[in-house]
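Heads up, the thing below is written out as structure tokens.
These figures come from a predicted structure and were not determined experimentally.
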2 protein chains.
Amino acid sequence: MLEGMSLSVGQVSRLAGVTVRTLHHYDEIGLLCPGERTAAGYRRYTDDDLVRLQQVLLYRELGFPLEEIAVILDDPQVDEVTQLRRQHELLSRKSERLREVIAAVERAIEARSLGIALTPRERLEVFGRFRPEDHEAEVERRWGGTDAYAESRRRVASYTKGDWVELKAEAEAIGAELAAAFTGGLPAGGVRAMDLAERHRLHICRWFYTCTYDIHRCLGELYVSDPRFTAAYDEVTPGLAGYVREAIAANADRHSP
Amino acid sequence: MLEGMSLSVGQVSRLAGVTVRTLHHYDEIGLLCPGERTAAGYRRYTDDDLVRLQQVLLYRELGFPLEEIAVILDDPQVDEVTQLRRQHELLSRKSERLREVIAAVERAIEARSLGIALTPRERLEVFGRFRPEDHEAEVERRWGGTDAYAESRRRVASYTKGDWVELKAEAEAIGAELAAAFTGGLPAGGVRAMDLAERHRLHICRWFYTCTYDIHRCLGELYVSDPRFTAAYDEVTPGLAGYVREAIAANADRHSP
DNA sequence: CATGAACCCTCACGTGGCGTGAGAGGCAAG
DNA sequence: CTTGCCTCTCACGCCACGTGAGGGTTCATG
């Protein structure tokens, strides 16, 4: 039985509270393939496999689709502690939401036993809480239906507060350097500006979606045509939006003539 | 638009945070059929429908299959406040479990950042917690595979602590009256004993599964053949188990000769 | 009053995450 | 050697919707 070294499907299933079929399924789709197999083809789960299974189950409980879980766990950029922190953050959010729902139910009971019924609308609104900040609605109208947008949605959904902090810091750093280049009088078509544009593109690739040079060019146009984006740049330094657009175009030309 | 009176699918979907298709689906399977329809066949949801939708969404979030939700909500025995209390209890349990998981993740982070890794087994066990009290294992071996058993499992799963209190009180009352009849010298085949046996059967129907007279007869046999059940009855009054068996058999004969 | 945009309807097929056998082989104990 | 409990690989089934297709409705415009 090789007790202690590795476990059979049955043992793992009992330990984790899932069925054998589930483990087979995770193997089939490549989400959790046991490290070893016996000569007879029996699955043998190592300690590493168990750790991964725990991660899988946690993200599953959080409602992530299995395919996405695979992406999250296979990201080589993220180590285990980061993974745990992310889980902790997501769990906390879920817990908070659950407490809101509980509170709403308590209010409903209270109101009901006092004879006053809440309006059905009030009761339903607890569930309808996603608050996409109507900014998203705008984005959807403009970019909705594109692959890039879908990809972005999926990835953003799994970001924790910590991720957002890092993301924002990175974005602000790039913005500041662009502003410096602009006020320093460096040409938008120069190497420095183009390098910054490239960093901007990579930043998008890293955090949101695969940003090709063509897409990046469109983004540049958007920065001067959409008053919301223009404001975001020009607020820092008037005229910056147009400068950024030029730099992006130059950088795109440089890479794909 | 008749604003204020009733809502269209789109309005309800936005309010509740579900898709239109979901509402269509709930209508198809008869889980939530809108109270009215316009001349053109448009669905119109009344306030009562919204209340029901809220209940549906809550039980759904708790992981109940839709079919079961219909059963729970259509039970005429249960009013709205009871429904809310039940939801509150189930939500609280879920919240507690969530906090356990969070605590486990915190421990994992702590241990990890101190360089000491927890064993994968320890981490997995948080998920494998269902503790069916090995009593269930026994029951399964004896009754497993029967329809009655499956039905019982499903219904019991949705009982709250309050339900259990009521259930137990009812069962104890019947037991006490049977004991009184027994010690009072009333014959097991008499009307009084048979009536009590009938109450016992209805009690099972009400709380666990559809208990036919045949099944009830088997149950009576079980009370004398299974030492665990025998003990439960004879502990109160020695000889009671046999008396109950006789009463059940007599009652069954009376109804299905 | 017609024209368009935003809704709504009913099929009907597709999908994700497994459940549930069927049929066959592996392996430790008696 | 056989009995009992694993395990394996197909392969079909199910639930709770997603996702169009194809077509009617309603309402604010030109």
Side-chain angles (χ1 to χ4, degrees), chain A residues 1-3 6-34 36-45 49 53 56-71 127 137 140-141 144-145 147 150 153-154, chain B residues 1-3 5-34 36-45 53 56-71 127 137 140-141 144-145 147 150 153-154:
Chain A
M1 218 191 219
L2 293 171
E3 184 65 46
S6 60
L7 303 178
S8 69
V9 268
Q11 293 173 316
V12 175
S13 85
R14 262 164 282 156
L15 213 65
V18 301
T19 68
V20 170
R21 174 68 178 111
T22 300
L23 294 173
H24 283 176
H25 184 59
Y26 292 169
D27 190 0
E28 273 175 35
I29 64 172
L31 176 57
L32 176 63
C33 305
E36 311 165 24
R37 291 248 186 170
T38 70
Y42 284 25
R43 276 162 258 252
R44 303 257 86 193
Y45 291 84
D49 295 331
L53 177 56
V56 168
L57 293 182
L58 227 165
Y59 282 115
R60 186 186 71 166
E61 183 134 324
L62 286 167
F64 286 84
L66 298 184
E67 201 177 331
E68 201 162 328
I69 294 178
V71 174
F127 288 92
E140 185 139 17
R141 212 171 311 161
D147 288 348
R153 281 288 294 248
R154 274 193 296 105
Chain B
M1 218 193 222
L2 293 173
E3 183 66 47
M5 276 307 300
S6 61
L7 304 178
S8 69
V9 268
Q11 293 174 316
V12 174
S13 83
R14 263 163 282 156
L15 214 64
V18 301
T19 69
V20 170
R21 175 68 177 107
T22 299
L23 294 173
H24 283 177
H25 184 59
Y26 292 170
D27 190 359
E28 274 174 33
I29 63 172
L31 176 56
L32 176 63
C33 304
E36 310 167 24
R37 290 250 187 168
T38 71
Y42 284 25
R43 274 162 258 251
R44 303 257 86 195
Y45 290 84
L53 177 56
V56 168
L57 293 182
L58 226 163
Y59 281 115
R60 186 187 69 165
E61 183 135 325
L62 287 167
F64 286 85
L66 299 184
E67 201 177 333
E68 202 162 329
I69 295 178
V71 174
F127 289 92
E140 186 139 16
R141 211 172 311 161
D147 288 348
R153 281 288 294 247
R154 275 193 295 104

Original post:
How long is the span from the CG atom in Leu66(A) to the CD1 atom in Ile29(A), to the nearest 0.5 Å?
Top reply: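 One finds 4.5 Å between CG of Leu66(A) and CD1 of Ile29(A).
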Original post:
Does the side chain of Arg44(A) come within less than 4.5 Å of Thr38(A)'s, by heavy atoms?
Top reply: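 Sidechains of Arg44(A) and Thr38(A): in contact.
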Original post:
Side-chain contact, heavy-atom cut-off 4.5 Å: Tyr26(B) with Arg21(B)?
Top reply: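 SC-SC contact between Tyr26(B) and Arg21(B) ruled out.
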From [options], pick the nucleotide closest to the side chain of [X]?
X	options	value
Thr19(B)	dG19(C), dT9(D), dG18(D)	dG18(D)
Arg21(B)	dA16(D), dC9(C), dA12(C)	dA12(C)
Ala40(B)	dC17(D), dT25(D), dG26(C)	dT25(D)
Thr22(A)	dG17(C), dG19(C), dA16(D)	dG19(C)
Arg43(B)	dC17(D), dC8(D), dC9(C)	dC9(C)

Using a cut-off of 4.0 Å on non-hydrogen atoms, how would the nucleic acid contact of [X] be classed: base, sugar-phosphate, or nothing?
X	answer
Val9(A)	sugar-phosphate
Thr38(B)	nothing
Ile29(B)	nothing

Distance check needed: [N] [atom2] versus [X] [atom1], whole Å only.
X	N	atom1	atom2	result
Phe64(A)	dG17(C)	CZ	P	13 Å
Tyr59(A)	dG17(C)	OH	P	16 Å
His25(B)	dC14(D)	NE2	P	14 Å
Tyr26(B)	dT10(C)	OH	C1'	20 Å
Leu23(B)	dC7(C)	CG	C1'	15 Å
Asp27(B)	dC8(C)	CG	P	14 Å
Leu32(B)	dA16(D)	CG	P	15 Å
Glu68(A)	dG16(C)	CD	C1'	13 Å

Would one find a side-chain N or O of [X] under 4.0 angstrom from OP1 or OP2 of [N]?
X	N	answer
Arg37(A)	dT9(D)	yes
His24(A)	dC18(C)	no
Arg60(B)	dC17(D)	yes

Original post:
Given that Gly41(B) and Glu67(A) both sit by DNA chain C, which one's nearest nucleotide is further toward the 5' end?
Top reply: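 Its nucleotide being nearer the 5' end, the pick is Gly41(B).
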**OP:** Before accepting this row, confirm whether a basic side-chain N of the pair Asp27(A)/Arg37(A) lies closer than 4.0 Å to the acidic partner's carboxylate O.
**Re:** yes
**OP:** Could you tell me whether a side-chain N or O of Glu68(A) sits under 3.5 Å from a main-chain N or O of Pro65(A), the two making a donor and an acceptor?
**Re:** no
Original post:
Judged by atom type as modelled, is there a donor-acceptor pair below 3.5 Å linking the side chain of Glu61(B) to the main-chain atoms of Leu58(B)?
Top reply: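 No; zero donor-acceptor contacts below 3.5 Å.
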Original post:
Nearest nucleotide by nearest heavy atom, which residue falls closer to the 5' end of DNA chain D, Tyr42(B) or Leu66(B)?
Top reply: Leu66(B)
